[in-house]
Amino acid sequence: MRTVDLIEKKRDGGELTTEEIAYLIRGYVSGDIPDYQISALAMAIYYKGMSIREIHDLTTEMVSSGNQYDLSCIEGVKVDKHSTGGVGDKVTIILMPLVASFGVPVAKMSGRGLGHTGGTIDKLESIKGYQVERTKEEFIQQVKDIGISLIGQSEHLVKADKLLYALRDVTATVDSIPLIASSVMSKKIAAGADKILLDVTVGQGAFMKSLDEAERLSETMVSLGREVGRETIAVITDMSQPLGRAIGNRLEIIEAIEIMQGKGRSDITEFICELAEILLSLAGVEASSDEIRQHLVGGAALSKFEELIEAQGGDLNDLYRKSEAAHVTEVLADEEGYISELPALAFGKYAMKLGAGRATKGDTLNYETGIVFEKKVGDSVKVGEVIANIYSDQALTEELMDEFKSYITISNECKKPREILKIIS
Ligand code: URA
């Protein structure tokens, strides 16, 4: 087989065989096929797509490129969750302790943020002492002991995705359905959970820009899960504006705690409850909406979260610390009306400029900086009211303030966005 012939075949719309896909992935992971050829292949896939059989073969081959976790020694139905990326997305930090507070074992590996989207692991690392690295044995033992562990992606899990994702990130080939589906599902399958909840974000802050694309991605991933006997549900969620109030690592931990103390905005609180209901029913646990809400706001989720932080070396005093950003600047409304747009992509990139996100893998994060919105889409606002607070290390320049304000749209129309747009199971 020659790599160039396979690139040409895909470029011209052909269907790669199981053996050809195995040759390409194995060759790439072993270093025999160089980055530039796989970049060309990724671009050909981006334009020509893949059949469901090809995506299945690609996913299976990617799973085989690294270790696989066997969680069968942990009693109960193990659940996992994955988001296709968003701005202000602190769902995992709240949802997983909430589900674990019902006795459902949570063994979860999460990723770091890149570009305008944040990552759970960076947010947890903003808590002093929190260890994201655990051996497989320690990870499993902690789930047996306290019912939850949240760690960073193992170096040895799905090596092909590690290489491919970094390459896609710099070759404009991230937002491709076959490539996202195989990337997400290979990690979920290798990580070993029995049931999987996928949060497929849609909107200008997400990789999927239209509901139609998000549906196709969801259906593809649900079918990949089903083929390997892992029940999978995809929830398509709105990412046209940032999720919740905060963007930024420490600021999102603070918001997560506020939600678990019953002090969060009602929209994100309800959203987490709805996701918990789906995840609990996947795990075979019957819980009413009231019970779930009570666990979330009444202390059960928060005490499970504290157990998790302590078990992974985190400092509980530091957990409750406020942001130490040097400057907090209020953004005031210049006109009256309803907030009608807060573009997630623009604010995600803005938070990056403040140091809350990294443009390249090697960038160091500032955990303390970011944005906290006092108003979200659909909220009414009067002249002089605070729309947001910007947390920065340098005093905010006029230019940066003007840029921030230019992203906010206020109109006479009150439109309330729906968080869950569709469920695909
Ligand atoms: N998240 C992933 O894990 N992979 C992708 O390709 C996109 C989002």
Side-chain angles (χ1 to χ4, degrees), residues 6-7 9-18 20-21 24-25 28 38-63 65 80-86 89 111 114-117 158 160-190 196-228 230 232-240 344-345 420-425:
L6 303 184
I7 298 170
K9 184 173 179 186
K10 184 42 76 185
R11 184 201 66 191
D12 296 342
E15 191 172 343
L16 299 171
T17 65
T18 306
E20 287 166 345
I21 289 172
L24 289 164
I25 295 299
Y28 185 43
I38 297 297
S39 305
L41 178 74
M43 193 55 88
I45 294 173
Y46 181 92
Y47 279 113
K48 297 295 175 178
M50 279 183 139
S51 68
I52 189 73
R53 200 267 313 144
E54 283 177 297
I55 303 174
H56 180 254
D57 286 345
L58 177 60
T59 308
T60 309
E61 202 49 57
M62 285 170 69
V63 171
S65 70
D80 198 352
K81 174 253 166 203
H82 192 91
S83 160
T84 55
D89 187 347
L114 192 63
H116 72 279
T117 64
V158 195
D161 183 61
K162 219 175 152 53
L163 296 170
L164 263 175
Y165 197 87
L167 195 69
R168 287 165 57 210
D169 195 46
V170 291
T171 54
T173 51
V174 171
D175 46 346
S176 143
I177 291 176
L179 297 178
I180 296 180
S182 53
S183 161
V184 170
M185 290 310 289
S186 59
K187 286 180 288 209
K188 295 298 98 181
I189 293 165
I196 300 160
L197 174 67
L198 301 170
D199 180 356
V200 179
T201 51
V202 61
Q204 54 103 288
F207 294 127
M208 296 293 105
K209 304 294 180 212
S210 70
L211 188 58
D212 177 56
E213 280 178 313
E215 275 178 24
R216 280 190 288 128
L217 175 61
S218 302
E219 280 159 8
T220 306
M221 294 196 289
V222 167
S223 96
L224 288 173
R226 192 174 36 230
E227 285 203 47
V228 292
R230 312 283 176 92
T232 304
I233 292 188
V235 180
I236 302 178
T237 62
D238 177 54
M239 192 45 73
S240 56
L345 180 62
I420 294 185
L421 302 170
K422 196 157 183 182
I423 298 173
I424 305 220
S425 58

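No hydrogens, no waters, no symmetry mates; every other heavy atom, side chains included, goes into these values.
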- L345: partners by side-chain contact (heavy atoms from CB on, under 4.5 Å), with sequence neighbours left out: H116, Q204, K349

- Task: Please step through side chain to side chain contact (heavy atoms under 4.5 Å, CB included) for the pair M62 and L164, ending with a clear verdict.
- Result: CA-CA 10 Å; M62 285 170 69; L164 263 175; 4.1 Å; yes

- Identify, with sequence neighbours excluded, every residue that meets salt bridge (Lys or Arg N to Asp or Glu O under 4.0 Å) alongside D161. K187

- Between T232 and M185, is any pair of side-chain heavy atoms under 4.5 Å apart? yes

- Message: As an exercise, state the distance from CZ of R230 to NZ of K188, rounded to the nearest 0.5 Å.
- Response: 11.0 Å

- Below 4.5 Å, heavy atoms only, C-beta onward: do M221 and H82 meet side chain to side chain? no

- Task: Evaluate the side-chain proximity of M208 to M239: yes if any heavy-atom separation is below 4.5 Å, no if none is.
- Result: no

- Query: Does the side chain to side chain contact (heavy atoms under 4.5 Å, CB included) test come out yes or no for E61 and D57, once each step is laid out?
  - Reply: CA-CA 6 Å; E61 202 49 57; D57 286 345; over 6 Å; no

- Message: T237 and side chain to side chain donor-acceptor pair (under 3.5 Å): which single residue from D199, D89, T201, T84 fits?
- Response: D199

- Message: If you apply the rule side chain to side chain contact (heavy atoms under 4.5 Å, CB included), what do you find for S218 with K422, and how did you get there?
- Response: CA-CA 10 Å; S218 302; K422 196 157 183 182; over 6 Å; no

- salt_bridge(K48, E54) N-O dist < 4.0 Å: no

- Could I get the full list of side-chain contact (heavy atoms from CB on, under 4.5 Å) partners for D212, not counting sequence neighbours? S210, R216

- Message: Would you say that V228 contacts L224 through its side chain, given a criterion of any heavy-atom pair below 4.5 Å between the two side chains?
- Response: no

- Is there a side chain to side chain contact (heavy atoms under 4.5 Å, CB included) between L16 and L6 once you walk through the steps? CA-CA 7 Å; L16 299 171; L6 303 184; 4.3 Å; yes

- Message: As an exercise, state the distance from CG of D80 to CD1 of I189, rounded to the nearest 0.5 Å.
- Response: 11.0 Å

- Query: Between A42 and L179, which heavy-atom pair has the shortest distance, and what is it?
  - Reply: O-CD1, 4.0 Å

